[in-house]
Amino acid sequence: MSLTAKDMSVVKAFWGKIGSKADDIGAEAFGRMLTVYPQTKTYFSHWADLSPGSAQVKKHAKVIIGAVSDAVAHIDDLPTALSQLSEVHASKLRVDPANFKILAHNIIVAAAMYFPADFTPEVHVSLDKFLQNLAWCLAERYR
């Protein structure tokens with residue numbers, strides 16, 4: 001699913017509004033993923049507390065949402081921007097690439113929760129396309 005110039009513009013504008021709530025959205029999305037999709041917990045079994053809102057979940061969520069923010073900044077060339085992250089997840093961490101789509105879905109849910117007035121159908125479709133492209137790029141090294 002390719003991103004149009006309009007999609008890129010919509011994603012950048014919406015992500016710009018997220019600003020100070022980015023870490024909250026990340027924590028909500030990551031915590032929700034671990035709860036709703038318990039199979040994703042296997043990658044974090046060494047953590048003492050996998051509950052939403054725990055310090056470890058919030059810390060990793062901040063890393064995740066930072067990477068998403070970086071991807072927004074490099075939206076014109078996602079494959080290059082995400083190449084190293086894809087390599088790490090495929091070779092070192094061996095994360096099931098299906099989990100990228102699960103996380104993408106949860107980011108959409110969290111973004112809509114935090115910004116309901118701004119989360120228009122246009123924003124929804126553009127953000128979904130962007131996050132699906134992000135998930136596809138992260139899965140690139142698995143191919």
Side-chain angles (χ1 to χ4, degrees), residues 1-3 7-143:
M1 174 179 324
S2 64
L3 289 168
D7 291 324
M8 291 182 206
S9 175
V10 168
V11 168
K12 285 180 180 179
F14 180 70
W15 208 259
K17 292 178 183 180
I18 287 175
S20 65
K21 293 290 184 188
D23 289 350
D24 295 334
I25 290 171
E28 176 68 32
F30 187 54
R32 186 173 285 266
M33 180 187 78
L34 294 171
T35 301
V36 178
Y37 302 92
Q39 72 273 18
T40 61
K41 290 180 179 181
T42 61
Y43 302 100
F44 308 99
S45 60
H46 57 285
W47 289 1
D49 186 2
L50 287 169
S51 62
S54 75
Q56 288 174 307
V57 169
K58 284 182 174 181
K59 181 180 177 184
H60 193 63
K62 188 173 185 169
V63 171
I64 291 168
I65 212 69
V68 174
S69 294
D70 189 52
V72 171
H74 296 94
I75 199 167
D76 294 325
D77 190 10
L78 287 176
T80 301
L82 296 169
S83 177
Q84 186 176 6
L85 202 53
S86 175
E87 182 66 35
V88 168
H89 280 80
S91 301
K92 183 177 178 187
L93 302 174
R94 301 200 182 272
V95 174
D96 181 347
N99 292 330
F100 303 138
K101 290 183 179 185
I102 292 171
L103 182 59
H105 171 74
N106 283 283
I107 291 171
I108 288 171
V109 170
M113 288 171 54
Y114 277 85
F115 291 90
D118 296 306
F119 201 80
T120 64
E122 179 183 46
V123 168
H124 187 166
V125 72
S126 294
L127 186 60
D128 186 36
K129 286 170 68 175
F130 164 72
L131 290 170
Q132 292 308 313
N133 274 279
L134 187 149
W136 184 84
C137 289
L138 286 175
E140 178 62 27
R141 296 286 193 230
Y142 293 82
R143 295 181 186 96

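From a predicted model like this one, the values you see are computed outputs, not experimental measurements. Numbers here are sequence positions counted from 1.
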Discussion item. Keeping T80 on the side-chain end and D77 on the backbone end, is there a donor-acceptor pair under 3.5 Å?
Written reply: no

Worksheet entry | Parallel, tilted or perpendicular, as decided by the 30° and 60° cut-offs, for the rings of W47 and F30 | perpendicular

Worksheet item: In this structure, are over 12 heavy atoms from other groups packed under 6.0 Å from K59 atom NZ?
Response: no

Worksheet entry | F119 vs L127 side-chain heavy atoms within contact, under 4.5 Å | yes

Worksheet item: Can you tell me how far CD1 of I102 sits from OG1 of T40, rounded to the nearest 0.5 angstrom?
Response: 6.5 Å

Item to complete: Supply the atom-to-atom distance I65 CD1 to I25 CD1, rounded to the nearest 0.5 angstrom.
Response: 6.5 Å

Worksheet item: So, do K12 and V72 sit near enough that their side-chain heavy atoms are less than 4.5 Å apart?
Response: yes

Discussion item. With a 3.5 Å distance limit and no angle check, can you tell me whether S54 reaches the backbone of L50 through a side-chain donor-acceptor pair?
Written reply: no

Discussion item. Is there a side-chain contact between L131 and F100 in this structure, where contact means two heavy atoms from C-beta onward sitting under 4.5 Å apart?
Written reply: no

Worksheet item: Can any side-chain N or O of Q56 pair as donor or acceptor with the backbone N or O of A48 at less than 3.5 Å?
Response: yes

Discussion item. Quick one, D49 and V57 - any side-chain contact, counting heavy atoms below 4.5 Å?
Written reply: no

Worksheet item: For the atom pair CG (L34) and CZ (R32), what is the distance rounded to the nearest 0.5 Å?
Response: 12.0 Å

Worksheet item: Would the F130 and F14 ring centres measure less than 6.0 Å apart?
Response: no

Worksheet item: How long is the gap from CG on L78 to CD on E140, to the nearest 0.5 Å?
Response: 12.0 Å

Worksheet item: Counting N and O atoms only, with roles assigned by atom type, does the side chain of H74 sit under 3.5 Å from a partner on the main chain of D70, one being a donor and the other an acceptor?
Response: yes

Fill in: CG on N106 to CE on M113, rounded to 0.5 Å
10.0 Å

Worksheet item: Are the side chain of S83 and the backbone of P79 linked by a donor-acceptor contact shorter than 3.5 Å?
Response: no

